[in-house]
Amino acid sequence: MVAKNAMEIFTLLDKSNCRECGEKTCLAFAGKVFLGQCDIRACPHIGQQEIERLNDNSAAVSDVDENAEEYISSLKHDISKLDFAETAEKIGAAFDGSMMEIRMLGKSFGIQRETGAFVTDLHLIPWVVMPLLEYVLHCQGAAVTGDWVSFRELDNGKEKYLLFKKRGEDVLKQLADKYIDFFDDIVHMFDGKQVEKAFESDVSVVLYPLPLVPVMICYWKPEEGMGSSLNLFFDRSANQNLGADSVFFLGTGLAQMFEKLAEHHGF
Ligand code: SF4
């Protein structure tokens with residue numbers, strides 16, 4: 001089994017929620033298969049061809065891109081079954097009886113209890129919505145430790161690090177290189193905080209894309225023939241509160257979001 005996340009497995013299922021595998025939804029089944037708690041053959045509707053596709057690393061990323069919207073609807077469906085008051089308390093959100101409100105980058109993101117509709121001012125792209133919904137479903141409510149680790153130090157982060165660097169850290173580095181006010185702008189627009197410079201960086205900024213998942217961006221300016229560099233760090237509790245797969249989407253989604261912001265400013 002080489003799936004990098006539950007979504008890769010989910011995209012291969014027929015999404016009928018028929019329960020013949022013993023799980024309530026195809027999404028729940030995909031999660032258990034990913035965690036090694038179920039054999040994918042327990043779904044009678046999956047053929048040998050799909051199982052082979054799952055073992056073919058190269059096919060996965062583009063298929064996942066195409067299926068993001070469908071995956072998001074399934075996450076929304078499972079969220080509608082949650083106890084909103086209990087979940088809000090666990091994940092650092094608020095619940096007023098009709099809407100759960102999660103703070104994302106200093107902005108409000110609401111999920112209506114009755115309709116499941118989103119209420120937010122944030123410009124949302126699937127790669128940011130997905131980890132947000134996974135956070136609502138799976139966050140364990142672990143306290144933030146203050147111990148910053150790189151993506152590759154998260155559980156299961158190592159094998160996806162190169163792709164994370166390419167789609168997340170390298171994109172942000174290029175922005176920081178050419179967009180002089182990049183850090184000032186993200187601090188002001190997304191409620192970031194310049195913090196004491198960590199790991200001997202020139203700039204360290206902490207953002208809260210999710211209440212219990214802070215992200216620190218560290219940037220080293222170019223000097224003496226050496227190029228600049230940029231790394232993202234996560235609190236060690238991200239293992240319990242989000243998991244490396246969703247952290248991957250969160251980090252790369254933020255990079256895409258900031259890239260759009262930079263385009264808007266003519267960079
Ligand atoms: S048996 Fe297959 S199609 Fe039916 S709910 Fe389980 S995973 Fe989904």
Side-chain angles (χ1 to χ4, degrees), residues 1-84 86-88 90-91 100 102 111-118 124-141 154-157 159-160 163 210 238-250 252-253:
M1 171 72 53
V2 293
K4 295 190 183 66
N5 54 54
M7 186 169 74
E8 285 186 8
I9 297 162
F10 177 74
T11 56
L12 300 176
L13 301 175
D14 82 353
K15 293 120 187 154
S16 60
N17 298 328
C18 70
R19 300 188 176 199
E20 286 174 50
C21 58
E23 297 303 322
K24 285 188 185 152
T25 60
C26 296
L27 184 67
F29 178 74
K32 287 208 168 175
V33 171
F34 179 65
L35 294 172
Q37 295 167 354
C38 261
D39 187 325
I40 190 144
R41 290 172 193 84
C43 169
H45 304 289
I46 188 158
Q48 189 56 33
Q49 213 179 352
E50 281 81 17
I51 295 173
E52 278 164 16
R53 277 178 71 199
L54 199 54
N55 290 321
D56 176 6
N57 248 336
S58 59
V61 172
S62 57
D63 288 353
V64 165
D65 284 352
E66 284 164 18
N67 285 285
E69 294 293 346
E70 194 174 12
Y71 185 61
I72 286 171
S73 343
S74 298
L75 292 171
K76 280 172 90 168
H77 174 267
D78 283 11
I79 285 175
S80 70
K81 307 269 184 269
L82 293 176
D83 177 326
F84 270 38
E86 196 182 286
T87 303
K90 184 166 71 181
I91 70 172
M100 175 153 45
I102 303 146
I111 306 175
Q112 295 277 8
R113 174 78 188 90
E114 292 302 319
T115 63
F118 299 153
L124 294 166
I125 55 173
W127 302 110
V128 173
V129 174
M130 221 154 48
L132 189 142
L133 299 183
E134 295 216 353
Y135 174 77
V136 174
L137 273 175
H138 304 302
C139 172
Q140 292 177 23
L154 290 174
D155 300 344
N156 305 319
E159 65 179 54
K160 281 185 90 179
L163 196 56
L210 293 166
N239 280 319
Q240 288 82 48
N241 292 337
L242 197 59
D245 296 321
S246 295
V247 168
F248 177 90
F249 290 125
L250 187 69
T252 54

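In this chain, numbering begins with 1 at the start of the sequence shown. Atoms within a ligand are numbered from 1 in the order they appear, just like the ligands themselves. Nothing here was measured: the structure is a model prediction, and the numbers come from that model.
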Any donor-acceptor pair under 3.5 Å from N239 side chain to D155 backbone: yes
Under 4.0 Å from a heavy atom of D14: which atoms of ligand 1 are those, numbered in the order shown and with their elements? 3 (S)
Work out whether the distance between some heavy atom of P44 and some atom of ligand 1 is less than 4.0 Å. yes
Would you find a donor on one side and an acceptor on the other, under 3.5 Å apart, between the side chain of Y71 and the backbone of L27? no
Which of these, S16, C21, C38, C18, has its nearest heavy atom closest to atom 4 (Fe) of ligand 1? C18
For atom 7 (S) of ligand 1, grab the closest protein heavy atom and report residue, atom and distance to one decimal in Å. F29 CD2, 3.4 Å
Which segment of I46 sits under 4.0 Å of ligand 1 when only heavy atoms are counted: neither
I need the I111 CD1 to F118 CZ distance, nearest 0.5 Å. 5.5 Å
Of the side chain and backbone of R19, name the one, both, or neither that has a heavy atom under 4.0 Å from an atom of ligand 1. backbone
Rounded to the nearest 0.5 Å, what separates atom OH in Y135 from atom OG in S246? 12.0 Å
Hey, could you give me the OG/CG distance between S73 and D78, rounded to the nearest 0.5 Å? 11.0 Å
May I ask you to list the atoms of ligand 1 that are less than 4.0 angstrom from any heavy atom of N17? 5 (S)
Within 45° cone and under 6.0 Å: K160 NZ/CZ vs F249 ring: yes
Quick test: of every protein heavy atom, which one is nearest to atom 8 (Fe) of ligand 1, and how far off is it to 0.1 Å? C26 SG, 2.3 Å
Atom 8 (Fe) of ligand 1 to C43: any N/O/S contact under 2.8 Å? no
Any sub-3.5 Å donor-acceptor pair from N241's side-chain atoms to G141's backbone N or O? yes
